[in-house]
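Note sheet for the following structure.
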Amino acid sequence: MAILEVHNLGKNFINHYLGTTRQAINGISFQLEKGQFIGIVGKSGSGKSTILKSIYRTYIPNQGNILFESERFGRLDLTKATERQVIYLRKHEIGYVSQFLNVMPRRTCRQLVEKAVLEMGESDFRAKCQAEAALEHFELDPSLWDTFPNTFSGGEKLRLNIAMATVKKPRLLLLDEPTASLDHQSKEKVREVIEKLKASGKTLVGIFHDITFMDNLCDQIFNMSTKPTIIKAGVRNES
Ligand code: ADP
Ligand code: ADP
């Protein structure tokens, strides 16, 4: 059964100063089975990020539906979910990872991951155990655990971001250009991390500027550049 169904999604941004409307996306449809990985590709400005942010409800689209199979709420249209539902989902069911590490200063890597567990209402002890397990799983060197992440490399920051998101065990994980500014070696590492996430049964939606090194991991590839079309098998394309 599909865990995520995007139907005819559209989003316009209105510029109130200029009185103009920019259509960021229009008529986007795809669906994703549990455990699948869909890669969204396309040039800058083609609307990739708008799709992801609509799923995470940073933006409310002005057209279409996003049906999410929630553990807590059952089948839910994210475009119509209440604020309370959105807060719950972000805490427990939908994770968002970008290349940027937006975290509180003066907290160590370990404290940041522990905090993510504590926010779910877990005990200090469980937070400690789960944080260490996540940091180990995503191969952050133990010598980094008690240091501040502002000095981390791009790849290390990203893996910390992934640890913070996945420690909440979301059923859906959104990856917003995770590899954007990484060198080849770090990209390979991220590939391994994504492979691990897939192996653990996570459902993933990822944005990639260049998908070549990722494409055999994806179950579907959604190309925004060539008029929204699915260019990999196993998928339906509504036109
Ligand atoms: P991509 O992720 O493919 O680079 P985006 O989804 O970020 O593309 O952007 C799609 C279009 O929507 C772009 O023209 C962009 O400028 C516009 N856009 C995105 N977010 C906003 C916003 N918050 N306000 C106004 N325009 C936006
Ligand atoms: P990202 O986190 O991927 O940078 P943003 O939404 O911040 O995504 O920006 C994506 C694109 O949308 C960029 O090209 C940016 O210039 C444009 N954009 C973002 N906010 C606005 C805005 N308020 N007005 C116009 N364009 C915007």
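Note that ligands are numbered from 1 as they come in the structure, with each ligand's atoms numbered from 1 the same way. Below, all heavy atoms of this structure are taken into account, side chains as well, without hydrogens, waters or symmetry copies.
- Close approach to Gly47 involves these atoms of ligand 1, each under 4.0 Å from a residue heavy atom: 1 (P), 3 (O), 5 (P), 6 (O), 8 (O), 10 (C).
- Although no hydrogens or angles enter the test, the distance criterion places no donor-acceptor pair under 3.5 Å between the side chain of Lys202 and the main chain of Ile194.
- Closest non-hydrogen pair, Asp219 versus Gln36, comes out as OD2-CA, 3.2 Å.
- At under 3.5 Å, not a single nitrogen or oxygen of Ala24, backbone or side chain, sits near a nitrogen or oxygen of ligand 1.
- Near Tyr59, with a cut-off below 4.0 Å to any heavy atom, the atoms of ligand 1 are 20 (N), 21 (C), 22 (C), 23 (N).
- When Ser49, Gly45, Ser44 are ranked by how near their heavy atoms come to atom 10 (C) of ligand 1, first place goes to Gly45.
- Taking every heavy atom of both residues into account, Cys109 and Phe152 meet most closely at CB-CZ, 3.8 Å.
- Near Ser46, meaning under 4.0 Å from any of its heavy atoms, are these atoms of ligand 1: 1 (P), 3 (O), 8 (O).
- Two residues are said to be in side-chain contact when any heavy atoms from C-beta on lie closer than 4.5 Å; Phe30 and Leu4 meet this criterion.
- Contacts with ligand 1 closer than 4.0 Å are made by side-chain heavy atoms of Arg22 only, the backbone lying farther away.
- Ligand 1 lies out of reach of Gly42, whose nearest heavy atom is not under 4.0 Å from it.
- Within the structure, ligand 1 lacks Lys53 among the residues with a heavy atom less than 4.0 angstrom away.
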Give the intermediate values and the outcome of side chain to side chain contact (heavy atoms under 4.5 Å, CB included) for residues Glu136 and Trp145.
CA-CA 10 Å; Glu136 229 159 66; Trp145 293 3; 3.7 Å; yes
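- More than 12 non-hydrogen atoms from other residues, nucleotides or ligands lie less than 6.0 angstrom from NZ of Lys196.
- In the vicinity of Lys43, heavy-atom distances shorter than 4.0 Å reach the ligand 1 atoms 3 (O).
- Considering every non-hydrogen atom in both Thr203 and Gly35, the closest pair reads OG1-N, 2.8 Å.
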